[in-house]
Structure formats: structure tokens, C-alpha cells
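Taking it in order: structure first as C-alpha cells, then the write-up.
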Amino acid sequence: MAIYLSPSMLSIDFTKVGEQLAIVEQAGVPYIHLDVMDGVFVPNISFGIPVIKGIRKASNMVFDAHLMIVDPERYVEQFRDAGADIINFHVEATKDPAGCIAKIKESGAKVGITIKPKTPVETIKPFLKDVDMVLVMTVEPGFGGQKFMADQVPKIAQLAAWKKEMGLSYDIQVDGGITLDNVREVLDAGANVIVAGSAVFGKEDIAGAAKGFMEIFKEYEAE
């Protein structure tokens, strides 16, 4: 199983966005995680469509957009047009998850569905056959730099078990407090897309930090 690193732009130095995106891309990082926050669904505001559209010109990485916004279906086309390759929405943020999934598919983007720590993993089971990615939050969404919630790991294991039982192929992404010290815990549970913010962009040697994760990934891919 291929394992991918998706560094979170929430931790990037916004005075050096192009430079730091180039650093991780040249290091071989395949994804960039775009945390979009509206100040309503989560108690913080980050960046939106104009920023994504702007940085799209500076990177060939897969744009992994994590929409922490209410009624995400309203903006699917705009995020796709701005350059998002994966559009990941929160099941808690929409009254019509199936409709949101259909809209993302129609746009041509890959579909991701996300759950917050207090949301039972069973909530998204009916939608697993229709998505390309499931994102398990291991912190409360809204702010970077939080401590990893180890009690969320069983959700990852359950999603991995369902994937096998149902013969599905969705990626299992984990976001929140991931470091080199705890990444093996989520990989062991079955995660294969790892979001890391301060553990990559918060380091003096950004490329070295990214490569540190990817070296661990190679061990798992070789098993």
C-alpha cells in the first residue's frame, strides 16, 4: 500500500509560501493539505479560494483541500476551479452528505469525507462506497499545533477493517498532532495519507523533516 505525506499549509510561513512549497515538492512530497476554515464551522478563519488559485500556479503537487466550512456543497465548483484535486468535507457540516459527494464527483475532483473526534465512525459507513478518501481528525479542527488524540486510533482501525470487508479502496487520512514520534501508531492502524503541519513546516530543515516521514513510509510500503 502506498503511503503519502500531505503537509498542512496551516503551518507554512506565509511570507515564504512559494519557497516553502518548492522545498517540499523538490523533496518528493506528493500532496499539500489545504485547511480552509470559515470561522463558523470551526472557531478560526484561515484562507480560501483566492489563495488556493494563486498557489496553484506555484506547485504541481496534489491539492488536498480540507473544507472546514458550513454547507460545503455551495463552493465545490469554485474550489475545483481554483485547483483542488481532492475536496474533503465534514459530514457534520452538511445536511446532505450524499448530495455533497455527488457534487464533488460531478466537478471531477476526488471525494473525501471527514469526521471530528466526537463523531462516531459509524456515521460515515453508508458513504464509504462512494468516496476516495476518509479523513479522521485526531485533534479538534480549527487550530494547528494541537496534541494528538490517541483515542481516535480505533476509528482508523475500524475504517481499515471495513475497507477490507467491503472490498473498497479508499485512502485513510489522519490529521492532527502527527509527529515522527507517533506516526507509526496511525500507520499500524491502517492510515496511508498523513497530514503533518508543524512537524514539517514548523521545522528549520523542512525538507529533512518531510524526508524523515517518508523514510518511515518506505519501511511500511516494503512490508
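Closest approach of Asp130 to Val111, counting heavy atoms only: O-CB, 4.3 Å. Considering every non-hydrogen atom in both Ala84 and Ile87, the closest pair reads CB-CG1, 4.0 Å. Counting all heavy atoms, side chain and backbone alike, Arg80 lies closest to Gly108 at NH2-O, 3.3 Å. When every heavy atom of Pro141 is checked against every heavy atom of Pro117, the shortest pair comes out as CD-CD, 4.1 Å.
Scanning for side chain to side chain contact (heavy atoms under 4.5 Å, CB included) contacts around Asn192 gives Met1, Ile3, Tyr4, Asp171, Ile172, with sequence neighbours left out. Contacts of Glu219 classified as salt bridge (charged side-chain N to carboxylate O under 4.0 Å, His left out), with partners at least two apart in sequence or in another chain: Arg184. For Lys147, the salt bridge (charged side-chain N to carboxylate O under 4.0 Å, His left out) criterion is met by no residue, not counting sequence neighbours. For Gln152, the side chain to side chain donor-acceptor pair (under 3.5 Å) partners at least two apart in sequence or on another chain are Lys155. Residues meeting the side chain to side chain contact (heavy atoms under 4.5 Å, CB included) test with Thr119, sequence neighbours left out: Val91, Glu92, Ile115, Lys116, Thr123. Residues forming a salt bridge (charged side-chain N to carboxylate O under 4.0 Å, His left out) with Arg74 (at least two apart in sequence, or on another chain): none. Ala102 meets the side chain to side chain contact (heavy atoms under 4.5 Å, CB included) test with Glu106; sequence neighbours excluded. Applying the side chain to side chain contact (heavy atoms under 4.5 Å, CB included) rule to Pro50 yields no partners; only residues at least two apart in sequence or on another chain are considered.
With respect to Glu215 and Lys218, a salt bridge is recorded, a charged nitrogen being found less than 4.0 Å from a carboxylate O. Classification of Arg56 and Asp85 as a salt-bridged pair holds, one side-chain N sitting under 4.0 Å from a carboxylate O.
Asp35 and Ser46 share no side-chain donor-acceptor pair at under 3.5 Å. Thr15 and Asp13 form a side-chain donor-acceptor contact under 3.5 Å, judged by distance and modelled atom types alone.
Legend: salt bridge (Lys or Arg N to Asp or Glu O under 4.0 Å) pairs involving residues 190-209, not counting sequence neighbours: none detected. For residues 86-105, the ring-ring contact (aromatic ring centres under 6.0 Å, His included) pairs, not counting sequence neighbours, are Phe41-His90, His66-His90.
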Side chains of residues 157-168: which donor-acceptor pairs under 3.5 Å do they make with residues two or more places apart or in other chains?
residue	atom	partner	partner atom	Å
Lys163	NZ	Tyr170	O	3.0

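Between the side chain of Asn88 and the backbone N or O of Ala65, no donor-acceptor pair lies under 3.5 Å. When atom types are taken as modelled, the side chain of Thr138 and the backbone of Gly176 share a donor-acceptor pair closer than 3.5 angstrom. A donor-acceptor pair is defined here as one N or O able to donate and one able to accept, closer than 3.5 Å; such a pair exists between the side chain of Asn182 and the backbone of Thr179. A donor-acceptor pair is defined here as one N or O able to donate and one able to accept, closer than 3.5 Å; no such pair exists between the side chain of Asn60 and the backbone of Glu25.
Phe79 and Ile55 fall within the same hydrophobic cluster, where Ile, Leu, Val, Met, Phe, Trp and Tyr residues are linked whenever their side-chain heavy atoms come under 4.5 Å apart, directly or through other members.
Side-chain heavy-atom separations under 4.5 angstrom define the hydrophobic clusters, and the remaining members of the one that includes Met137 are Leu135, Val139.
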